Every structure is written in structure tokens, then in C-alpha cells.
Amino acid sequence: MVERYNAKHVEAKWQAEWDTQGVFRSQADETRPSYYVLEMFPYPSGRIHMGHVRVYTLGDLLARYRRARGFDVLHPMGWDAFGMPAENAAMEQGVHPAEWTWSNIATMRGQLQSMGLSYDWDREVATCSPDYYRHEQKMFLDMFAEDLAYRREAWVNWDPVDNTVLANEQVIDGRGWRSGALVERRLLPQWMFRITNFADDLLESLESLERWPDSVRVMQANWIGRSHGATIRFRLAGRDDRLEVFTTRPDTIFGASFCAVAANHPLASELAKSDPELTAFIAECNRTGTSEAALETAEKQGYATGLEAIHPFSDGVTLPIYVANFVLMEYGTGAIFGVPAHDQRDLDFARKYDLPVRIVVRPRDAGDDFSVADEAFTDDGLLVNSDFLNGLTVENAKKTVAERLDASGDGEAKTTYRLRDWIVSRQRYWGCPIPVIHCDDCGIVPVPDEDLPVTLPEDVSFDEPGNPLERHEAWKTVPCPACGKSATRDTDTFDTFVDSSWYFARFACPNADVPLEPDAMKRWLPVDQYVGGIEHAILHLLYSRFFMRALRQCGYVDFDEPFSGLLTQGMVCHETYQDGDGNWLFPEQIERRDDGTVRRLDDGSDVQIGRSEKMSKSRRNVVDPADMIDQYGADTARLFMLSDSPPERDLEWTEGGIEGAWRYVQRLWRMVCEPSIELPPAGQPIPSGIGGAALDLRKATHKTIAAVSDDIERFRFNRAVARIRELSNTIGDFAPGDAADASALREALESLVILIGPMMPHLAEELWRRLGFRDFLCNQPWPNADPSLITEDNVVIAVQVNGKKRATVEIAVDSDQAAVEATALAEPNVIASIAGKPVRKVIVVPNRIVNVVV
RNA sequence: GCCCGCUUGGUGGAAUUGGUAGACACACAGGACUUAAAAUCCUGAGGCCGCAAGGCCGUGCCGGUUCGAGUCCGGCAGCGGGUACCA
């Protein structure tokens, strides 16, 4: 009997062999087409988690599959190494962010390497390394020169006790997470990227991203949010200036019953100077965080300013102007007119402040008495009560209003976007320094090229809140590059999304002196297949798309779209456990007893099992992949990640599932190492004229090859695994007798080993060797199915009567329809179901189904 | 709040993209092997009725289109992701 499969030993052995031979180094071999597989690089948080195991398993499968398909594959790995958690660690544990980060990288690199991933580790990059971020600084300066980067004031969350800027994540129920103080909004000068310059292109090019999920494309389109409407410049009663308002519904202008401006609108600020009540109201509005969810879910409130806007088309009609917390300064002009009958939010506001609700659009089939109660009418219809618009459709009325506004000079048609320019500066230490110097005389002065990189100072402390760079006088104070006078460095650092907006391009030339080498860009970019979590559907992917356009404008690249193909994978979930006091428990703190109860291991008390959720530290429903790999080996972990759930869906981690995968690994091992008949030597051709059970096995083998290839191409890895298991079952049931059988069995086993290669590379490599081959399995070409072995002569089809299945019949493939119909109608159960009623119609779908309608 | 998903046996999922619902697994039950356990192998199984043949019901809920709906359309509910300073 063969020894049990020793995953630990075998995996270490092949990892060393692959490494020594450098098999996964990308060669830039011009004789083969290139293929770039990339998984989203990890934030080095400490240890790898199951989500990492999942995404890197998926990417590795694709990379190995493409290699086998003859491509020169680029498959790199690096670290998204800047970010807040390192600073939090510094504050909580007193460890320097750099030390914390680099030590995490070392740990996680080792853990990834234990998974046997086919990375070209020579290309590893870390964004916190000056070798990386110096190029980012150069790119930024070029973007600044192109006017793609600029500086202006923007709102941030301000903690008035800690005197520091807070991330949205650090605002909990409107309070700072450390100080507990009520958060305020505050204006600070910020660096911005002009992503809105590319709004139309970013929107329209989504169409070309055919290998992206539709959901992601729709999300991005909605995020950009292009809408066509009009601006109207209302005259103000008793004043000479005007109020500029944007609306997507100019057609409803005769239904307007109020105007509202944002709390931070200049008009509101001006009026507040002489109105203490308004000042208080604005302060109240500013006491929410800056997040959209916080603003949108806050109770809608308004303050009547007493000012009135004059209707552009109705003589003598004026609209009261409110300051309202739901009007966003960042969208449109920061001012709106409200039409309660045709906008739900305006209707709620009108009911609250007792404003008129005037119907100006009526459904086509409604009468004069049409009215709205609690629900605004927002669909298409015909204009009423609207002077020169009466009888027009919504679309025509929009056009007509725009024309009138244009003619009178009171406004014009206008396109706006929900998309806002990207604020890239952060008032934090652990990020890429923004390479500019502020001089009292010269203003903003870029750091000269020869002084790059601007590196982070190491001697900083985190014992008080705020940005250590701002307190670091020695680092901050520099002579102005232009005039030589004493000046100060910009103490802001970049949003980490900037780092991740171009890393994929740097992987093509990780050691180049220039940021991006043209030849390398030509060879490898764009990324052929990108794999990552759906949570990045908007920000990271949109920023990267913008960044490539900006880099193109600066002359770095000659493509726009960074990722041709995108696979978004779901999360890894696990059930949750709580003890009687509601404390969350780790899976290793509980036990399942034979009597069916679940108890705490330490004190035996009852444990409540909660529903399955995304693995998270806060819920403690985490399983450390390192433990799993240690116990079962990487291949078992990888197989489990691929087995049951399709990649886009969430995956439920279960102990049973991992054990099932482990048993299958052992079964494959026995199946190949202990065949039930002696196999012919490696490389011997299959004898011709094989029939009987051996032919059936060959057919099963070739069908599996075809199906698994197709499943992998379509990212249906769970199905590919099921097909492979089916072939194993077939092989297990096969009772070989003669040389032809042995030959068919050998072909089946070899195919099986090649097919599992991208999934369980160590096991496959070992089995390949045991089958008598001397070269690497990972260098073997992918097999092709023999077309003559994957067709069937007969097919079983269902026969329905009135849509209910009554029988199945076996017929020859592509049988004549009349013959199929006759066979179906002859079935006793079909005859019984028809029960003598006249047959009205018989529908025959070739090779599928027959439906008899009576 | 808004945008995008998801919802199928005890469980994860499959279903040739409108054509036989439940492939392949996990868990479970019974059996074989074993002194015993583990491992392995075999068998069973959506629910209800029936000895069986077979019948009825069944893909979150309500409605629609169709010869035929898990799949398409309208509405609703629950769960998840994103919401611009978490990454």
C-alpha cells in the first residue's frame, strides 16, 4: 500500500524546485503572446486572511492555466503598504509605522509563498518604498504642470478635541472615535485631481469594457452620474445679484414652490452674518460628518431666510428661499428649486413647511382631478398648469424651457455630473509626501526633479494626535527652490488610492529608473485579467482608469483602460458564535458535543450559533489560513476555495468543507499512485480501435477536458471541480482488464493530473513525476479534447403534456421531428395524460424536449 | 437615503442562458471491512401520498408574459457590497 500523501513535505519540495528553476519568471519571450494576470495587491495588515487565500487562488489558477495555454504570463505580487492602520499601530503599540509595515510584509510574503502561487517574486514592489513613491511624486508634478492637479479648499471631518482630521471610518455616530467629541465639518486647503475632466470619457468608455461585469459598469456609470438639465439664474426680490440654480427637471418650473441653498452656499454665509438664528442653523448643519450616507439619512431640515426668488416666467410669482441640509454644495450649483408634486424629497419638505403642491405633469390617462398625496409623481406625462408648456411631453418641455432661458439670458441647458474631483491630500504621516514647497513669495513651488524623492522623516512621534510631519520643523523647513528664502514643505501625504492607481503598470518594469518604461508598457499593459473584491467596484477601479488617462496626457502611456478583464470575487464568510453574555467567540473556543449541543471549551457553557457573516476580527468568526495550510496543506485550502461557490458569490467556510477537500486530495493520490492495473510507460500512444468500457472511459476523459477548459474560460471554477470529481468517480468505477484498458486508464489519469494542475499545483506536480514524467507539469501544454470522442449518438429527452413532464424517451441525436413526435405520443404515460383529448399542438425542440398541448 | 448585487433540499451549490429542477459535494442514515476506532468502499435521500407504478406540491413573497419560467417583466421583503478620508 502506498504511503499517505504528505502535503507538507511535497509542497515544500516543489516550491523549492520552482524557485530554483525560476519557472515563474516572466521572460518577455516575444515568440509567445503575453498575458498579464493580476490580483489586487494586499494591504499588509499583519497576516493573510481567508479573503487573500481566495483571491490569490483564483488568480493563480488563471495564471497557470494561461501558461499552459502557451502564453508568456506576467503574474506579480506587491504591497499596498501605506495607510492608516500603520499609524494606529504606532499610536497603540508604540511601534514605528515603517517597522510595523515591513515586518507585516515579511510575515505575509512567507505565508503567500507557502501557498505555492506562481508569482514572479523578482518584481515585488511596496508602495511605501521610496523606490516606488519617488516615481509617484514625479507623476504628480507632471500632472500639476498639466493642470490635472490643483489646490483648493474642501470640507473635512474635524475633531475639535484632538484637533485633527478624521476619516469617515473614524466618525462613529457623529463623534470622533478616540475623543468622543462631536465632529464638525471644516474647510481646509486640499490637493485635488481633475477626474471630472475625463467624466464623459470615463462614462462612455465603460461600453468598451466587455470583459467587466455589467454590475460594475452600471455602478461606475451611476457614480459618474451625468445628467442633462438646465441652470436658471433667478432674480432676487430687492437685490441686484442672482441665485444660480441647477435642475434636471426644467420642465417643472411652473410647479416650483420654493428654492433652497446649501448650508455652505455663499448666499447662506452672507445672510448668516446678520442673522444669528441662521448662523446657529448652519452650525447645526455642519455638525454632521462629510459622508454621503450621513448627509442623506439626516432628517431634512430647512431655514426660511425671508429672501425671495422671482419666477423667470410667471409675473408676480416669488419663491421663498430656504437654507436646507439636504442640498449639497458639491453637486450642481449648491442651490435648487423645489417642485413638491414631482420630487419626493421636495414633497416631504413641502409637507413639513406647509408649502404649495402644484401639479404640472399629469399622467396621460389621468383626468383633471389628478393630485398627489404622499407620493410625488415622477414619471413621464403631459404638462399642465404651465403656460407655454401646456400639452408638451416632459422631454419637449425640457427643451422648450432651455430655449426660453437662453433667449431671455436667465439660464441655459447644462450637463452636470455627480462625480466630483478627487481629493488626494491627507493630513497624515504614513503616505507618499506631496512634493511641493510653499514659499511666502513664490507660492506653490514644485520640488525640482533632482531633489526627488521627498522621503518621509523617520524620527517622528505619535504620542499626540495630528500629523507628525506638521510638527517636524527640521523636515518641514527648506529653502525655496525658486528664490532661496526659507519656505516650508507641504506636510500632506497622498491618499493611498493614488499608490494603487498605477502599481499594476509599475510591475511591468519594477526596477526601471523611469516611472514606466515604454517597451514594458507595450509588452504587458493593459492587464489582461484583473481579480479582486467587489468592494473596489467604484473607487479603486475608477481612480485607476482616471490615472491612466492622466498619465497618457502626460506622455507616460498610450492606453486609457488599465484592466481589459475584471473578475470580482465575493467574501469569505463563517458562522458566528456568542456565549450567554453576548460575547463573540472564536471558532477554536467552542466545541460541538455528540448530544448536538455547542459549548464553550473552557467552561462548558451554552453557545449560540449566529448566521454566517464576512470573516472579521470584530465578530471573531475568523479562521487563520496559516493554521489550515499547516494542517492540510495549501492544495487542500486552494481546492476548497474553488470547490463549492462560484467566485463572484460569497463563500461559506466550513470545517466539513475543508475536510472533504482533504479527503479528495488523498483519493487522487491513491488513484494515481495505486492504479488497479499496471499502466503502460509514459509517452506511449493510445492504441487505435479501442472499444467497450475503455472507449467509454476515453469519452469521459475527453468530455471532461472540454468541459473543464470551458468552465475555466468562463470562471466557473466550482463546476470545473465538479467535472473533475465526476471523472474521478468514473475512473474509480472502471475495472480494467486488458492492455487497451490500461492505456485508456493512463490517459484518464494523466488528463486528471493536468486538469488539477492550476488548482492543486503541488499535488499535480508530484503525481506527474510519479506517472513517470521528468519535466515540470507546470510547463506542460493544456490538453485538447478529441472532437470525435465528445459526441454522443443518443440523447434522452423529456416529454411534457401541457408543460408537465410525463415521460422521457431516448432517441438518436438530431432525429427527424416527426419521428420524435411519434415516439413521444406512443409513450403509455403520455397517452394516459392526454386521456383521449384532441392534441392541439406539439412543440418539438430538437434534442431537448417535446411538449404536447391538449 | 441613493446605486449595485444576492435569495434553489438539512448545507454549499448545478441546471446546456426560456426547455427533464437538485449535477458535484458537505452533513446525515444504513451496510461492508476492522477486536475497536480512524480511513476506505457500497447504498439511500426535496416535501407529502402510495407496497409499487405513479400522483400532487416545490427555486424568498405577490402578480404578469409564454406551449413551457429558477431563468424574462412589474411590485414587495430579507441579506450583503459601495456611498468619495478603511483598504
Side-chain angles (χ1 to χ4, degrees), chain A residues 4 40 42-43 45 80 82-85 156-157 165-171 190 195 213-223 225 289-298 300 326 330 344-345 418-428 495-497 500 533-540 542-543 568 570-571 573 611 613-614 643-646 648-652 654-661 663-664 666-667 670 707 716 718-719 721-726 729 732 796-800 802-808 829 832 840-843 845 847-853:
Chain A
R4 252 168 102 78
M40 290 177 185
Y43 178 77
S45 53
D80 187 13
F82 276 136
M84 258 190 348
V156 295
N157 298 310
V165 178
L166 296 176
N168 285 335
E169 189 189 52
Q170 298 171 318
V171 179
Q190 303 282 359
I195 189 170
D214 285 340
S215 58
V216 175
R217 293 196 274 174
V218 171
M219 277 191 264
Q220 291 215 353
N222 290 336
W223 184 263
T290 59
S291 79
E292 193 197 353
L295 293 171
E296 287 280 334
T297 52
K300 309 288 177 277
F326 58 85
E330 289 77 21
Q344 191 60 46
R345 193 182 55 192
R418 210 188 75 96
L419 182 69
R420 308 196 298 261
D421 274 343
W422 173 14
I423 303 174
V424 291
S425 43
R426 299 290 182 266
Q427 293 69 51
R428 278 192 252 288
D495 178 2
T496 57
F497 275 124
S500 56
I534 185 68
E535 67 272 19
H536 293 292
I538 297 175
L539 293 181
H540 163 58
L542 190 62
Y543 289 148
T568 51
M571 300 172 306
C573 301
R611 67 154 203 279
E613 296 182 52
K614 175 185 178 173
S643 289
D644 277 348
S645 298
E648 301 83 4
R649 279 228 226 160
D650 289 352
L651 180 146
E652 166 81 4
T654 62
E655 189 69 30
I658 191 77
E659 273 168 13
R663 279 202 294 273
Y664 183 60
Q666 293 292 348
R667 186 171 168 218
R670 287 191 307 271
R716 301 160 76 142
N718 54 324
R719 262 175 44 137
V721 171
R723 306 271 195 192
I724 287 170
R725 293 186 90 131
E726 277 179 281
N729 292 342
V796 175
I797 68 168
V799 183
Q800 297 180 333
N802 286 341
K804 282 185 188 287
K805 186 175 81 168
R806 295 301 174 193
T808 57
N829 211 34
R840 300 218 316 260
K841 188 153 71 160
V842 179
I843 291 153
V845 182
N847 302 326
R848 278 296 149 73
I849 203 162
V850 177
N851 191 11
V852 181
V853 186

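Only this structure's heavy atoms are used, side chains among them; waters, hydrogens and symmetry mates stay out. If you're wondering where the values come from, they're calculated on a predicted model, not measured in any experiment. So you know, we letter chains A, B, ... as the sequences are listed, proteins then strands, and number each from 1.
- In this structure, of C24(B), C86(B), G12(B), it is C24(B) that holds the atom nearest to the side chain of Arg725(A).
- Within the 4.0 angstrom heavy-atom criterion, no nucleotide atom of any strand lies near Pro42(A).
- At the heavy-atom level, Gln427(A) lies under 4.0 Å from base atoms of the strands shown.
- Across the strands present, G46(B) finds its partner in C57(B); the criterion is a Watson-Crick or G-U wobble pair with both atom distances under 3.5 angstrom.
- For G78(B), the base is anti relative to its sugar; the glycosidic angle deviates from 0 by more than 90°.
- Within 4.0 Å of Ala537(A), counting heavy atoms only, lies no atom of the nucleic acid at all.
- Side-chain to base pairing of Asn222(A) with C3(B): no donor and acceptor N or O lie closer than 3.5 Å to each other.
- The residue Gln190(A) sits close to a base: some heavy atom pair falls under 4.0 Å.
- Note on His540(A): nothing from the nucleic acid sits closer than 4.0 angstrom, heavy atoms only.
- When both distances must be under 3.5 Å, the Watson-Crick or G-U wobble mate of C41(B) is G31(B).
- Closest to the side chain of Val165(A), out of C85(B), A84(B), A15(B), is C85(B).
- Contact annotation for Asn168(A): backbone-only contact, meaning every heavy-atom pair under 4.0 Å involves sugar-phosphate atoms and none involves a base.
- Here Arg420(A) does not reach the OP1 or OP2 of U83(B): none of its side-chain N or O atoms lies under 4.0 Å away.
- Using a 4.0 Å heavy-atom distance criterion, Thr654(A) is classed as making no nucleic acid contact.
- Comparing G12(B), C24(B), G82(B) by their closest approach to the side chain of Ala722(A) singles out C24(B).
- Listed here is the closest heavy atom pair of Phe497(A) and Trp422(A): CB-CZ2, 3.6 Å.
- Comparing the P positions of A29(B) and G64(B) gives an interatomic distance of 44 Å, to the nearest angstrom.
- C72(B): Watson-Crick or G-U partner is G64(B), with both key distances under 3.5 Å.
- Residue contacts shown for Ser643(A) are absent, as no nucleic acid heavy atom lies under 4.0 Å away.
- Rounded to a whole angstrom, the distance from the P atom of C41(B) to that of A27(B) is 13 Å.
- For Gln800(A) and C67(B), a side-chain-to-base donor-acceptor distance below 3.5 Å is absent, hydrogens and geometry of angles not being considered.
- Considering only side-chain atoms of Glu169(A), the nucleotide from A14(B), C86(B), A87(B) that sits closest is C86(B).
- Counting heavy atoms from C-beta on, the side chains of Asp214(A) and Arg217(A) come closer than 4.5 Å.
- Using a 90° window around 0 for the glycosidic torsion, U59(B) falls outside it and is classed as anti.
- Contact annotation for Ser425(A): base contact, defined as any heavy-atom pair under 4.0 Å involving a base atom.
- For Asn729(A), no side-chain nitrogen or oxygen approaches OP1 or OP2 of A23(B) to under 4.0 Å.
- Distances shown here put a side-chain N or O of Arg663(A) below 4.0 Å from the OP1 or OP2 atom of C26(B).
- Residue-level contact check: Glu535(A) touches the bases, meaning some heavy atom is under 4.0 Å from a base atom.
- The residue Arg217(A) sits apart from the nucleic acid: no heavy atom pair falls under 4.0 Å.
- Pairing partner, G5(B): C79(B), with both Watson-Crick or wobble hydrogen-bond distances short of 3.5 Å.
- Contacts of Val156(A) with the nucleic acid, taken as non-hydrogen atoms under 4.0 Å apart, include base atoms.
- OP1 or OP2 of A87(B) lies within a sub-4.0 Å distance of a side-chain N or O belonging to Thr496(A).
- Nucleic acid contact for Phe326(A): none, since no nucleic acid atom lies under 4.0 Å from a heavy atom of the residue.
- Distances shorter than 4.0 Å separate some side-chain N or O of Lys804(A) from OP1 or OP2 on C57(B).
- For the pair Asp650(A) (side chain) and Met571(A) (backbone), a donor-acceptor distance under 3.5 Å is present.
- Rounded to whole Å, the C1' atom of A15(B) lies 11 Å from the corresponding atom of U59(B).
- Proximity of Arg649(A) to the phosphate of U7(B): a side-chain N or O atom is located under 4.0 Å from OP1 or OP2.
- G10(B) and C26(B) make up a base pair, with Watson-Crick or G-U wobble contacts both under 3.5 Å.
- Picking from C85(B), C41(B), G19(B) the nucleotide with the shortest atom distance to the side chain of Ile849(A) gives G19(B).
- The side chain of Glu652(A) lies closest to G12(B) when the candidates are G12(B), A14(B), U83(B).
- If you check distances only, the side chain of Glu292(A) does reach the base of G1(B) with a donor-acceptor pair under 3.5 Å.
- You won't find any donor-acceptor pair under 3.5 Å spanning the side chain of Arg723(A) and the base of U16(B), going by distance alone.
- Distances shorter than 4.0 Å separate some side-chain N or O of Arg806(A) from OP1 or OP2 on C56(B).
- Proximity note for Asn851(A) (side chain, C-beta onward) versus G19(B), A15(B), C85(B): the nearest is G19(B).
- Nucleic acid contact class of Leu419(A) (heavy atoms, under 4.0 Å, all strands): base.
- Distances from the side chain of Glu726(A) to the nucleotides A87(B), U20(B), C24(B) place C24(B) closest.
- Taking every heavy atom of both residues into account, Thr808(A) and Val796(A) meet most closely at CB-CG1, 3.9 Å.
- Ranking A21(B), C85(B), G54(B) by closeness to the Asn829(A) side chain, first place goes to G54(B).
- In the set U83(B), G80(B), A87(B), the nucleotide with an atom closest to the side chain of Trp223(A) is U83(B).
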